[in-house]
Amino acid sequence: MYYTMPTSSVIIANILLFLLPLTAAATSSHDTCKLVKITVKRLPDLNIPRNGHSAYCLNNEITVFGGHTTNFVLTPTAEYYKDGTWHLMPMAYPHDNGLCTVLRSGRVLLAGGHSEPMGVGQSYPVEEYDPATHTFRGFCILNRKRTFASGIELDSGRVVVSGNWYAGDDIEMFDGDRSFFPVKDVTTGRAAPILLRTADGNVLIIGNQGTTGDPICDDKVDRLKGDPIRVPLLKKWQPIVCLASFPNDLGLIGDTSQGDYTYLLAMQDWGGNDTTARKTIGRELAFTLVHDTVFSMLPTTCHVPTTGVSPTDTIEWYSPLIADRKARRGYVHGCDLQGRSYVLCVEYSKRPAPITLYYTNPLPDAGRPMMALTADGDLMLAGGHNYNKKLGGKLENDNFSPLSSVYLLHMGAQPTKEASDWRVDWRWAFLFLAVLAATTLFLLWRHLHKKKTKILTVHDPMDGSDASPEDSYEALMQGICELMDQQQLYLNSELKLNHVADALNTNRNLISSCINSQRACSFSQFIGTYRVNHAKMLMQTQKQLRISDIWMQSGFSTETSFFRTFKAVTGMTPNEWRTNNIS
């Protein structure tokens with residue numbers, strides 16, 4: 001929602017709250033992002049060193065599945081942590097970088113992975129893990145051999161599967177019983193794609209990693225049902241490159257029992273098409289909300305830092321966002337060359353969302369582990385490959401010597417304390433008083449000379465507030481236009497009133513009334529005008545495009561609606577407009 005411009009007294013109060021910590025000898029800030037040292041506990045090592053494995057909390061037990069062990073050899077084993085020790089279990093098949101999907105029944109579907117040591121090939125086998133009995137059962141095969149595949153369960157009990165590595169990719173489905181069958185092709189093959197459910201039973205497929213390791217910087221989103229859609233935001237922001245077998249639904253923050261399938265994703269700035277070699281270090285990080293087919297940026301209190309404790313220690317963020325829905329926080333894990341672990345925490349339920357950067361001392365044998373959220377809200381780092389070595393000034397992935405080390409980062413069960421000393425230093429107190437006095441004088445002067453402040457609060461004209469309907473509608477219209485101009489929501493062919501309302505934290509009736517009052521048209525006419533203007537821009541700048549390409553790239557659902565809307569807005573058909581306006 002939009003907030004009222006604060007009065008002088010409110011500003012002074014906020015400044016007091018902001019400056020008060022300056023009376024301490026030291027505070028913990030990091031380019032305006034709070035920096036906190038986190039408590040770490042070394043747990044017993046895994047029985048088998050492993051990388052390329054999956055990890056998840058099941059029945060309050062962190063369980064790791066498959067992967068490869070020393071000498072890059074597949075290991076058909078799993079282990080779970082209970083009563084202070086790791087318990088080894090035999091699996092039916094090895095799953096090195098295989099699919100791991102947690103089902104609503106509490107069981108786990110495991111499938112595919114490399115067929116040979118050294119990360120070679122793909123495989124068919126499928127099995128199911130029952131955490132209640134700690135047993136595995138192999139029962140069928142995939143329709144296509146896969147590795148780095150992802151899966152997600154639908155409300156029907158069926159499981160959608162997509163993704164592959166150095167092989168063809170498509171969408172297939174598990175019937176929930178004993179068989180997999182092909183569904184449709186994808187426009188772009190992806191490795192370890194992210195699958196997102198929508199309220200209407202559809203599934204979106206996105207990802208920034210091609211099947212041969214090439215970066216994908218495309219705004220197309222494949223879907224289980226229907227044609228692909230275009231999301232302009234993806235031209236700049238793409239999910240973190242994460243070539244690992246993380247389970248599904250880690251970023252789900254909505255309440256699926258209420259039909260809310262909202263996701264929070266950690267995204268990196270790829271700046272459009274990037275044909276260079278894969279590079280994740282140093283790229284700007286931000287967060288994206290995905291609600292059905294609408295993608296929008298999550299406002300945060302500060303930018304995500306790209307360097308760690310020292311300005312020379314660049315952080316590589318390499319995990320997807322894991323949401324702790326109880327604490328309403330999201331976590332992303334990273335590391336630097338010195339062996340420090342970093343956890344980026346975002347409190348996603350607040351606007352703007354506060355960000356905290358947690359860090360550790362250099363951890364011996366931590367490497368680049370698999371991360372899982374425990375039942376207590378802590379983070380467990382288990383196994384992984386050695387990622388702390390330097391090779392020609394770059395990071396080395398040592399898949400031949402995976403790690404068995406396990407660390408617990410206390411995020412929930414034991415509150416962390418900010419790395420600071422709160423003893424009073426009168427030099428800071430004097431600075432605080434001086435800044436406060438100067439700020440107060442400035443605000444008093446501004447209060448005497450300022451012009452009428454523009455109201456940015458959105459009120460429902462029928463809620464009895466003092467704001468006039470014109471002011472409320474004007475502020476809301478500004479927000480609607482910003483969504484269209486900056487995020488180009490109109491390019492989503494399935495954009496609806498409730499999508500815009502959700503993005504602005506208001507209701508659909510108010511959006512409709514506002515557009516009718518401010519633009520004297522309906523919502524569909526308003527969006528249609530944006531789409532027509534986009535189509536005209538394409539015709540002017542990309543003269544080689546055919547009409548069929550133009551209407552699809554402008555957000556129209558059909559060619560008929562394109563021609564009808566274009567004629568209504570411009571008074572001409574698209575071909576007539578092109579002939580008259582483009583030499």
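Not measured: the values here are computed from a predicted model. Side chains are part of it too, since the values below use all heavy atoms of this structure and drop only hydrogens, waters and symmetry mates.
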Peer 1: If a pair satisfies ring-ring contact (aromatic ring centres under 6.0 Å, His included) and one of its residues is in residues 177-234, list it, with sequence neighbours excluded.
Peer 2: F174-F180
Peer 1: If only atom types and distance count, is the side chain of T101 paired as donor or acceptor with the main-chain N or O of G151 below 3.5 Å?
Peer 2: yes
Peer 1: Please examine the side chains of I216 and Q209, heavy atoms only from C-beta on, and report whether any two atoms are closer than 4.5 Å.
Peer 2: no
Peer 1: Please check if the side chain of S561 supplies one atom and the backbone of T558 the other of a donor-acceptor pair under 3.5 Å.
Peer 2: yes
Peer 1: Is there a side chain to side chain donor-acceptor pair (under 3.5 Å) between D169 and T211? Walk through the geometry before answering.
Peer 2: CA-CA 8 Å; D169 186 20; T211 56; over 6 Å; no
Peer 1: Using the side chain to side chain contact (heavy atoms under 4.5 Å, CB included) definition, which of the options I152, L204, I171 pairs with L224?
Peer 2: I171
Peer 1: If I take atom NE2 from residue H385 and atom NE2 from residue H68, how far apart are they, to the nearest 0.5 angstrom?
Peer 2: 8.0 Å
Peer 1: Tell me if a side-chain donor or acceptor on N202 pairs with a main-chain N or O of K225 at a distance below 3.5 Å.
Peer 2: yes
Peer 1: Are M411 and T374 packed together at the side-chain level, in the sense that at least one heavy-atom pair is separated by less than 4.5 angstrom?
Peer 2: no
Peer 1: Distance-only, no hydrogens or angles: does the R190 side chain make a donor-acceptor pair with backbone N or O of T188 under 3.5 Å?
Peer 2: yes
Peer 1: Under the ring-ring contact (aromatic ring centres under 6.0 Å, His included) rule, what pairs show up with a residue in residues 182-215, not counting sequence neighbours?
Peer 2: none
Peer 1: For T75 and T77, what are the C-alpha separation, side-chain angles and deciding distance, and is it a side chain to side chain donor-acceptor pair (under 3.5 Å)?
Peer 2: CA-CA 5 Å; T75 174; T77 64; 2.7 Å; yes
Peer 1: Ignoring hydrogens and angles, tell me if any N or O in the side chain of N164 forms a donor-acceptor pair with the backbone of T147 under 3.5 Å.
Peer 2: yes
Peer 1: L321 versus L265: any side-chain heavy-atom pair under 4.5 Å?
Peer 2: no
Peer 1: Treating N47 as the side-chain partner and W86 as the backbone partner, does any N or O pair qualify as donor plus acceptor under 3.5 Å?
Peer 2: yes
Peer 1: Taking it one step at a time, do E494 and R223 satisfy salt bridge (charged side-chain N to carboxylate O under 4.0 Å, His left out)?
Peer 2: CA-CA 12 Å; E494 297 189 356; R223 297 190 294 174; 2.4 Å; yes
Peer 1: Show me the pairs that pass salt bridge (charged side-chain N to carboxylate O under 4.0 Å, His left out) and involve residues 46-69, at least two apart or across chains.
Peer 2: R50-E79, E61-K82
Peer 1: Can you name the ring pair (Phe, Tyr, Trp, His ring centres under 6.0 Å) partners of Y342, sequence neighbours left out?
Peer 2: none
Peer 1: Report yes if the side chains of V120 and H114 come closer than 4.5 Å at any heavy-atom pair, otherwise no.
Peer 2: no
Peer 1: Could you measure the distance from the NE2 atom of H53 to the SG atom of C100? Nearest 0.5 Å is fine.
Peer 2: 11.0 Å
Peer 1: Return yes if some donor-acceptor pair links the side-chain N/O of D485 with the main-chain N/O of Q488 below 3.5 Å, else return no.
Peer 2: no
Peer 1: Which residues pass the ring pair (Phe, Tyr, Trp, His ring centres under 6.0 Å) test with H134, not counting sequence neighbours?
Peer 2: Y80
Peer 1: Between E127 and R137, does any side-chain N to carboxylate O distance fall below 4.0 Å?
Peer 2: no
Peer 1: In chain order, what residues pass the ring pair (Phe, Tyr, Trp, His ring centres under 6.0 Å) check against H534, with sequence neighbours excluded?
Peer 2: Y490
Peer 1: Under the salt bridge (charged side-chain N to carboxylate O under 4.0 Å, His left out) test, which residues partner R230, sequence neighbours left out?
Peer 2: D219
Peer 1: Are F566 and P574 close enough that some pair of their side-chain heavy atoms sits under 4.5 Å apart?
Peer 2: yes
Peer 1: Would the W165 and F148 ring centres measure less than 6.0 Å apart?
Peer 2: yes
Peer 1: Got more than 12 heavy atoms from elsewhere within 6.0 Å of CE, M173?
Peer 2: yes
Peer 1: Suppose we screen for ring pair (Phe, Tyr, Trp, His ring centres under 6.0 Å). Which residues come up paired with Y129, at least two apart in sequence or across chains?
Peer 2: F65, F136
Peer 1: Using side chain to side chain donor-acceptor pair (under 3.5 Å), reason through N143 and Y124 one step at a time and then give a plain yes or no.
Peer 2: CA-CA 7 Å; N143 179 73; Y124 283 116; over 6 Å; no
Peer 1: Using the salt bridge (charged side-chain N to carboxylate O under 4.0 Å, His left out) criterion, which residues pair with D292? Sequence neighbours excluded.
Peer 2: none
Peer 1: Any side-chain heavy atom of I547 within less than 4.5 Å of one from F563?
Peer 2: yes
Peer 1: CZ of R104: more than 12 outside heavy atoms within 6.0 angstrom?
Peer 2: yes
Peer 1: Is the positively charged end of R283 above the ring of W270, judged by distance under 6.0 angstrom from the centroid and angle within 45° of the axis?
Peer 2: yes
Peer 1: For N498, enumerate each residue passing the side-chain contact (heavy atoms from CB on, under 4.5 Å) test, keeping only those at least two apart in sequence or located in another chain.
Peer 2: K496, D502, R508
Peer 1: Just to verify, what does E116 make a salt bridge (charged side-chain N to carboxylate O under 4.0 Å, His left out) with, not counting sequence neighbours?
Peer 2: none
Peer 1: Do N248 and L195 have side-chain heavy atoms sitting under 4.5 Å apart?
Peer 2: no
Peer 1: Show me the pairs that pass side-chain hydrogen bond (donor to acceptor under 3.5 Å, both in side chains) and involve residues 176-186, at least two apart or across chains.
Peer 2: D175-S179
Peer 1: Can you list the steps and then say if H333 with S341 is a side chain to side chain donor-acceptor pair (under 3.5 Å)?
Peer 2: CA-CA 7 Å; H333 187 256; S341 274; 3.1 Å; yes
Peer 1: How long is the span from the CD atom in Q122 to the CG atom in L142, to the nearest 0.5 Å?
Peer 2: 11.0 Å
Peer 1: Are any non-hydrogen side-chain atoms of I240 and V332 less than 4.5 angstrom apart?
Peer 2: yes
Peer 1: When rounded to the nearest 0.5 angstrom, what is the spacing between OG in S405 and CG in L46?
Peer 2: 8.0 Å
